[in-house]
Amino acid sequence: MSELLPFALALLTGFLLVAVFDPCAGAAPRWAASLFRLSLGAVAGPGFSSTVYFALLTVGLARPWTILTVEISCAGALAVFWMRHRSSQAASPVRIVPAILTGIFLCGLVLAGGRLVQISMANPVGEWDATAIWNLRARFLTDQQNWRFVVSPFPATRPEYPLLISSFIARTWKLAGAYPALVPILTSLTFWAALQGLMVSALAMIRGTAAAMFGGLILLSTAPLFFWATAQYADIPLACYFMAALALLFIDARAGMRSPWALVWAGVCSGLAAGTKNEGEVFALILTFVFLLQRPPWRRAKLMFAGMLPALLPLVFLKLLLLAPSQLFAGQTVAGVLAKIGDPGRYHLIGKSLVDRVTDYPLSLMAVLTLLLNPQWDKRYRSAVWISSITSGGMLLSYLAVYMITPLDLPWHLSTSMDRVLIQIWPCLVLLFCRLLPEDAVFDWRFRTNAPSRS
Amino acid sequence: MTAPTPRLAVAVSAVVVVLYLSNIGNLYQQSKARAVFGDPYGVLAQDARLQGVISSVALGGAVGYLNEPNLDAFTGAKKLLGAQYAFAPRMLVRQEQSPQQQVIGDFSGPVNLEGFARMYGLRVVRDFGNGIVLFQRNGPQ
């Protein structure tokens, strides 16, 4: 069980980073702010540890004692700072219906989590790509002498894929002194749990507990998310970073100008998304483009970039210095790409696959919830809504565009990846949908429909 | 837009909870088979088979990999997948793709090792049993 301590150290460092540079200072309800810090810490910690490990690896210092020295020093300094500066907040009032929904959500979470642990233990090596790509590359990254095997084209490990998840697993294996299967299992399940936590806590802060629990129930009912949670792929970590980045834009909007950290963390999460998978690079590009299109004050743009740029460094190193070859454009000619774009059969195949896969999602639940939709025009959120909607829509279009020009056999490519790329943006869509649900007061018998809204 | 009435909100919540319970029940039922121990790609089995030869190959560098001819593509890919994972952080590459000095033979059934080695310009270094053989490439190092 020597792998548990390094794993816990990464999570602790992530939590302390979030607690010190608090993106939800003064946010209510208190439980949601705490859960958001915990969940963001659980995804930021692996990102931080992975970046540190990759940096040490590139300079030839990836040894257990150097990793521990850097990480324990950082965690120690952050802990001291946090203990001195932490503040307390008042508790929020409790309402009956949201409280019942919370109970049902928690029961479902425990039930689903228990089943996922059971499946993970029964299938410790995950699905095909976990062994062929993510964990194989992690094993290469544990070897200081030969870690550049990660960009070798021979083992078909997709050398152009970013290394955040593999580096984190490698770092934990290195500290454990072996390759226990528990490390990728814990990594996968942590990101799955963090995704639930981010969804529920972000919605509770920006809309209310009832909307938050509906968001949680939708995610727990999502069959593809449940299936891929134990696969040990990078899609759920990527979904976490996507959703955290967008949720932080809303939290930033709610906080107004009071706290700069939500925007910094939105930058960090989009940078970490780019470091997790190729789709994350597109996400970071679209998000940045739409953010700048809003013509934010330079001070705010600097905050976003201050978070994003450090998180992008490992990716820049991989792409520019290691020159990892890209599979998408390898062997493709302009004429060939244009012929694919002009082929109506490809549109039909892609459209059919999209429709087939979408039916795996809990649309019936959302259809019922549309009866409650209560969108309100709030100027504070205008920019966040605009950026989030365009980024999510842009991501979906980018996936379809990649299928259009893919050099791989299209039916095979669609059948092996469409459901996975959809789960990457699904939580963002659920967040945007549930944000339109009514606030908690509406579920209160004493509430009158003509009462003014709080938000 | 006016807010929904509390009556509607509670009724919709109840329907959503029922749908959710039905969904989660289905997920639980459908995942029953996956909760039973399985090694669908044979990764753990390959790891166990290859332990002997792994300790005979030095850390660092690449090692060639061959399996019997006429193996179907998926079975061959599964065997290579498990072998590559077991060998990492050493690199295991198909010998036909990138010839190496040390080569692992991974066979499912009996094979004429001497004939096989001659065919690929190799010599047998050690037979580990269970279809696993270490070869050395003939000719210049």
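Bear in mind the structure is a predicted one, so any value in this text is a computation, not a measurement.
- Between the CD1 atom of A/I104 and the CG atom of B/L21 there is a distance of 6.5 Å, given to the nearest 0.5 Å.
- In this structure, no portion of B/R94 lies under 4.5 Å from any heavy atom of chain A.
- Closest non-hydrogen pair, A/G108 versus B/Y20, comes out as CA-OH, 2.8 Å.
- A/A138 meets the side chain to side chain contact (heavy atoms under 4.5 Å, CB included) test with A/S166, A/I169, A/A170, A/W173; sequence neighbours excluded.
- Interface remark: of the candidates A/V125, A/T142, A/L371, A/V125 forms the most heavy-atom pairs closer than 4.5 Å to chain B.
- Atom CD of A/Q145 is surrounded by 12 or fewer heavy atoms from other residues, nucleotides or ligands within 6.0 Å.
- In terms of heavy-atom proximity, B/A88 sits nearest to A/F140 at CB-CE2, 4.1 Å.
- Looking at every heavy atom in both residues, B/S13 comes nearest to A/F214 through OG-CZ, 3.4 Å.
- In terms of non-hydrogen atom pairs under 4.5 Å with chain B, the most contact-rich of A/L111, A/L101, A/I100, A/T230 is A/L111.
- Options A/L372, A/N146, A/D143 differ in how many heavy-atom pairs under 4.5 Å they form with chain B, and the most are formed by A/L372.
- Of the listed residues (B/L8, B/V43, B/L44, B/I24), the one with the most heavy-atom contacts under 4.5 Å to chain A is B/V43.
- The closest side-chain heavy-atom distance from A/Q118 to B/K32 is not below 4.5 Å.
- When A/S221, A/A181, A/S364, A/P362 are compared by the number of non-hydrogen pairs under 4.5 Å with chain B, A/S221 comes out ahead.
- Side-chain contact between B/P6 and A/F443 is absent, with no heavy atoms from C-beta onward closer than 4.5 Å.
- One N or O on the side chain of A/N123 and one on the backbone of B/R34 form a donor-acceptor pair closer than 3.5 Å.
- Interatomic distance, CE of B/M91 versus CG of A/L136, reported as 8.5 Å (0.5 Å rounding).
- Rounded to the nearest 0.5 Å, atoms CG (B/L92) and CZ (A/F149) are 10.5 Å apart.
- Across all their heavy atoms, A/G126 and B/Y41 have their closest contact at O-CE1, 4.3 Å.
- Contacts of B/A77 with chain A are made by both backbone and side-chain atoms, with heavy-atom separations under 4.5 Å.
- Evaluation of the ring pair (Phe, Tyr, Trp, His ring centres under 6.0 Å) test over residues 77-118 of chain B, restricted to residues two or more places apart or in two chains, returns B/F107-B/F116, B/F116-B/Y120, B/F116-B/F135.
- Chain B forms the most heavy-atom pairs under 4.5 Å with one residue out of A/V117, A/T222, A/L369, A/V368, and that residue is A/V368.
- The heavy-atom pair separating B/A35 from A/A122 by the smallest distance is O-CB, 3.5 Å.
- Contact detail for A/R139 and B/P89: the closest heavy-atom pair is O-CB, 3.2 Å.
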